[in-house]
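All figures in this text were calculated on a predicted structure; none of them were measured in a lab.
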Amino acid sequence: MDLEKERALFRDVIDSINKNEAAAQNAELQLICWENNTRPGLNEDAQAVVNSQLRGDYDVFVCMFRDRVGTPTNRTISGTVEEYERARLKKLKNEDLEIMAYFFSSENAGQDITDLKIKMGSKDGDGAMFCDVKDSIDFEIKVRQHLCDALGKHIERLEEQKRKATNIKVNNAASVAFVCDSSVLLLQRSDDSQHGAGTWQLPGGKSEADETPEQTAVREVKEEISYAIKKPEALIKVKTFIDDSESHPGSVLNMTLFIYKADKKFKPKLNKESKGYEWVSLNCCEFGGKRLFQMNRQMLKAVWLELYLNRPLKVILDSMDDSSDSGLPHEVVKVSEHDLNSVYAMLAFLGIVNVNNELKLESPTYGKTLLKEFTAMIADGEKLFRNDGSILPNKSIKLSADAIDELSEIRAKAFCSNQKLVTHLSCDTRIDHSVRNVCDTLIFGKYGQKKYILLRWDFFANKYQFVGSGLENVSTDSENDMIAKVMNKRFPAMRRYFDYVFITEYSAYHFSAGSVDNDPILRNYNIKMSVLLPNNRSDTADICNIISAINKTTESKISASHVIDNSLAKNLNYFVWCELDELLLNPAFYRGRKVSGFRDLKEALAENKIRHLTDNLLTTLDLPFDPHSDDDNLSIYKRIYDDKRVSDTKQK
């Protein structure tokens, strides 16, 4: 703390570089320091709190010393030295990390400063080159130059990575799915395999020079299982998968997938690459619980989609005339009765077909369009579900809110009994990622005679949500701990204004906006629901002012950002007061925008219980403004957000 002036100067240098040198290269320096990036906490000592909270990645570590090394910790001579040691260990794993140490000339410097310089600079010590600076002006000139050099080298490394990416070697390969009676043949890799020993895969391998994918498939099948494909034209090409994982350093593997329908389940004669085989049911979402090699999980899903949805759907559509009749054929040429019934069951599950009384499209108005769109998605390899649970590409078709609400309700009922199947269809993420524990909170308010509930607008997912947060230690957290986590994440400045009442817990299925590797996934949410109560009526204006301030901060972030990536998008907090009666009438939409979770709450509590909560149990907030006046602001900033939004992948 004897460098307060220099620390402020350092921040000015960062700001100046960002406005000039960094901006010219479309880059930015982000400063991480305890003043800006830590919060109060408990640990072994204060430095341990800092260590636990400043664990993020960084490219440059800067430390400064003048008269003293700093305050001792329970582990070393000072917190600053401890941070330096942690950075030095980090550099052993990342040689591109830069460490910059500055020592200001001072007649008052103690022996500990001298000892530290000896340790850092000696060949038997850290081998560090530090910089002696005379005064603040000397420091400003040097650190500016050093940071600009570091920024330039970092950008050069990124450019070099791009150049290397353009020289990646492309390897072609082919896999064959032998299918018989809804089962597929899998091989188990030998124990001495260089990659994926003991895992299961489809027969196949890499192409030799000038081979077509079909030729590769025929040759590899002959070599691996001694099976002769006598009619290569019988191979059904599904699609080509791309694998650029770490198992193929410096190269990309293009794997073409084929289906071959076998007359019977045969016993393959294995070569040394495999130690076992098994015919596994394609209708089992987990494929017998086997550990699959690399892309084989995605390929098996593609086989299932091709055989049991894509091809039958095309035939069904071709067999339907152009009349307005919503009836569906009971028999279709080239599709077995079993497969046809399976397709209709799936379409009924998705809310497209009604099979209860007579076989027909669920929606006479939109049914045929839905079926065509769904078929096109399957053929193009699209995910079947969107973030909001819709099976439709938003750009291709527009449905009324009533139609979407009707279809969503049908699917919601099906989700509860078909979790694994839906997860299997909707994404590539493993099923064990599909359960999450959540704590949601309700905050009610009133303006005149109308009652409102506070919802958070999720810019990333494009819908209203409850004020809530995911929980990690659900078995050990008390209700108070859960509420604290929600408040600390969404609006920490408001926690002291509220008490809470725990009202219920229930489970619900929703589509995540992509919190697992940005991959939309259907999740089973275990929800714990509480109501927040203002503990002092005189403070209600302060609560509303804090919410308004949070919204203004988000508005500023959106307006100031050149582009909005996933990281920023997921952490924007913007709160809207929604009229309670309107939500009770239509719990899936509010003023034309999607609402997530309110339908589940209504089903869990029933409408009369929700009204009872607001009428009898709660002292609601008196809102000092008309909540509808904020609606225009959301529309404005949603439009700005949509204009600036880019994906992380595109930005990189």
Side-chain angles (χ1 to χ4, degrees), residues 177 179 181-182 184 234-241 257-261 281-285 298-356 358-386 389-397 399 403-404 406-408 410-411 414-415 418 421-428 522:
V179 177
D181 297 334
S182 301
V184 62
L235 288 168
I236 301 171
K237 184 178 178 180
V238 181
K239 63 181 292 187
T240 299
F241 294 82
L257 172 64
F258 295 96
I259 296 174
Y260 188 84
K261 292 187 176 181
S281 173
L282 266 175
N283 293 320
C284 175
C285 296
Q298 294 96 303
M299 289 195 292
L300 286 171
K301 290 179 181 179
V303 171
W304 186 90
L305 288 171
E306 178 69 17
L307 291 179
Y308 301 112
L309 278 181
N310 186 18
R311 288 177 171 266
L313 278 170
K314 289 180 179 178
V315 177
I316 292 171
L317 276 173
D318 290 342
S319 68
M320 296 176 67
D321 55 35
D322 295 328
S323 67
S324 59
D325 183 19
S326 60
L328 292 164
H330 291 263
E331 295 181 1
V332 178
V333 178
K334 296 182 181 180
V335 178
S336 70
E337 182 181 0
H338 175 271
D339 290 352
L340 185 63
N341 289 337
S342 296
V343 171
Y344 285 150
M346 176 61 62
L347 294 175
F349 162 74
L350 293 169
I352 299 175
V353 168
N354 187 327
V355 295
N356 291 330
E358 55 181 321
L359 194 58
K360 64 178 183 179
L361 295 168
E362 185 70 44
S363 171
T365 306
Y366 301 107
K368 200 167 293 185
T369 304
L370 281 169
L371 190 57
K372 290 179 180 178
E373 290 286 339
F374 181 63
T375 304
M377 289 176 63
I378 299 295
D380 293 341
E382 293 259 11
K383 286 182 171 62
L384 302 194
F385 300 101
R386 293 294 185 258
S390 169
I391 62 168
L392 301 174
N394 295 331
K395 63 184 179 181
S396 302
I397 186 170
L399 292 180
I404 295 174
E406 180 181 351
L407 292 171
S408 298
I410 295 170
R411 287 195 294 276
F415 291 163
N418 293 278
L421 180 60
V422 179
T423 306
H424 169 71
L425 288 172
S426 63
C427 65
D428 297 332
L522 179 80

- Task: Supply the atom-to-atom distance Lys237 NZ to Leu257 CG, rounded to the nearest 0.5 angstrom.
- Result: 10.5 Å
- Shortest non-hydrogen contact from Glu306 toward Pro312: O-CD, 4.2 Å
- Item | Lys261 vs Leu307 side-chain heavy atoms within contact, under 4.5 Å | yes
